[in-house]
Amino acid sequence: MTSGLRITWTLAGSGWADCALEDHRARVELTASRVSSAPEELLTAVARLVAGEPETRARFEAEPTAYRWILRREGVNTWIRVLELRHGGDPDTKGTEIWSGRLGIDQLARTVIRCFDEVARTYGESGYRGKWGEHFPRTELEALRRIRRAHHSSDGT
């Protein structure tokens with residue numbers, strides 16, 4: 001089981017961001033362009049997983065490279081795979097796995113919430129919009145937070 005997963009989202013220029021995944025085994029960096037709704041897709045994919053969907057996905061376009069997150073539910077855990085693809089429309093089989101790990105679903109939700117809370121603290125919502133070119137994903141972040149709380153309460157944890 002992966003422990004100590006950290007995800008950081010750093011605005012790298014107008015419409016570009018770097019996303020780092022780091023645990024005790026490895027660190028990988030992904031690039032995202034605002035061409036895709038990468039932050040919204042990641043937050044929504046994790047929220048849907050917490051809500052009970054068996055598998056969800058998120059995509060980061062890096063023009064022409066793309067990164068695909070595949071999140072698969074295994075009881076209270078998640079199997080996470082991140083693939084690098086030459087083109088966003090390529091099937092999974094054409095991708096190269098650059099990171100994978102198993103993590104508790106709640107731990108994944110907390111990690112993603114912390115990541116975007118830190119983004120809001122670092123840039124502020126107007127600073128984020130100025131660098132990324134789109135609104136901060138407040139709606140998706142708060143939806144994940146609510147779903148996590150509801151799931152947490154129903155677990156009795």
Side-chain angles (χ1 to χ4, degrees), residues 2-51 53 55-72 78 80-90 92 94-101 103-152:
T2 300
S3 63
L5 178 65
R6 180 171 160 78
I7 300 173
T8 56
W9 182 267
T10 306
L11 298 177
S14 183
W16 291 93
D18 295 319
C19 178
L21 283 80
E22 184 173 13
D23 66 7
H24 69 282
R25 298 175 301 119
R27 175 184 169 88
V28 295
E29 294 215 14
L30 320 176
T31 300
S33 163
R34 74 167 175 239
V35 168
S36 64
S37 301
E40 293 86 351
E41 282 196 32
L42 180 59
L43 288 158
T44 300
V46 174
R48 289 176 32 220
L49 195 75
V50 171
E53 287 193 29
E55 182 177 300
T56 63
R57 292 167 178 249
R59 184 186 70 193
F60 291 8
E61 285 291 340
E63 303 175 65
T65 302
Y67 298 95
R68 185 172 299 146
W69 297 64
I70 303 168
L71 311 171
R72 185 168 292 132
T78 306
I80 305 164
R81 292 180 67 214
V82 179
L83 304 178
E84 182 175 9
L85 300 123
R86 292 183 76 166
H87 302 284
D90 287 347
D92 294 349
K94 289 204 172 194
T96 301
E97 184 175 283
I98 60 169
W99 192 89
S100 67
L103 193 66
I105 292 171
D106 188 64
Q107 186 180 2
L108 173 62
R110 274 193 329 256
T111 299
V112 172
I113 289 168
R114 280 188 194 130
C115 170
F116 285 97
D117 281 345
E118 182 63 28
V119 169
R121 274 191 298 278
T122 300
Y123 301 102
E125 293 195 26
S126 65
Y128 177 91
R129 181 171 168 78
K131 283 196 92 151
W132 181 245
E134 299 291 339
H135 291 286
F136 181 79
R138 176 63 59 196
T139 301
E140 293 82 2
L141 176 58
E142 294 310 319
L144 174 56
R145 203 182 311 274
R146 278 190 308 277
I147 290 167
R148 180 181 170 263
R149 275 193 216 113
H151 175 66
H152 226 32

List for me each residue that meets salt bridge (charged side-chain N to carboxylate O under 4.0 Å, His left out) alongside [X], sequence neighbours excluded, and say none if there are none.
X: R121; answer: E118
X: E140; answer: none
X: R110; answer: D106
X: E40; answer: none

What's the shortest heavy-atom distance between [X] and [Y], and which atoms?
X: G101; Y: R25; value: CA-NH2, 3.9 Å
X: Q107; Y: G4; value: NE2-N, 3.7 Å
X: R138; Y: A120; value: NH2-CB, 3.8 Å
X: A66; Y: G88; value: CB-CA, 3.5 Å
X: T111; Y: L5; value: CG2-O, 3.6 Å
X: L83; Y: E97; value: CD2-CA, 3.7 Å

side-chain contact (heavy atoms from CB on, under 4.5 Å) involving [X] - partner list, sequence neighbours excluded:
X: A26; result: D23, W99
X: R6; result: T8
X: R34; result: S14, W132, E134
X: A109; result: V46, V50, L144, R148

Trace of the side-chain contact (heavy atoms from CB on, under 4.5 Å) decision for L30 with L21: CA-CA 8 Å; L30 320 176; L21 283 80; 3.8 Å; yes
Nearest-0.5 Å distance that lies between atom OG in S37 and atom CG in L43: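 With rounding to 0.5 Å, OG (S37) is 11.5 Å from CG (L43).
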From CG (L49) to CD1 (I147), nearest 0.5 Å: 10.5 Å
Side chain to side chain donor-acceptor pair (under 3.5 Å) against S33, all qualifying residues, sequence neighbours excluded: E63
Side chain to side chain donor-acceptor pair (under 3.5 Å) involving R146 - partner list, sequence neighbours excluded: none
Has the side chain of [X] got a donor or acceptor atom that lies under 3.5 Å from a matching backbone atom of [Y]?
X: E41; Y: R59; answer: yes
X: Y123; Y: F136; answer: no
X: R81; Y: R68; answer: no
X: T78; Y: L71; answer: no

Does [X] reach the side chain of [Y], with side-chain heavy atoms less than 4.5 Å apart?
X: W16; Y: V35; answer: no
X: D92; Y: I70; answer: yes
X: K94; Y: R86; answer: no
X: D117; Y: R114; answer: no

Enclosure of R72 CZ (heavy-atom neighbours >12, cutoff 6.0 Å):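 Check fails, neighbour count at 12 or below.
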For Y67, ring-ring contact (aromatic ring centres under 6.0 Å, His included) partners two or more places apart: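 By the ring-ring contact (aromatic ring centres under 6.0 Å, His included) rule, Y67 matches no residue at all.
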Non-neighbouring partners of F116 that pass ring-ring contact (aromatic ring centres under 6.0 Å, His included), sequence neighbours left out: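 Residues passing ring-ring contact (aromatic ring centres under 6.0 Å, His included) with F116: W9.
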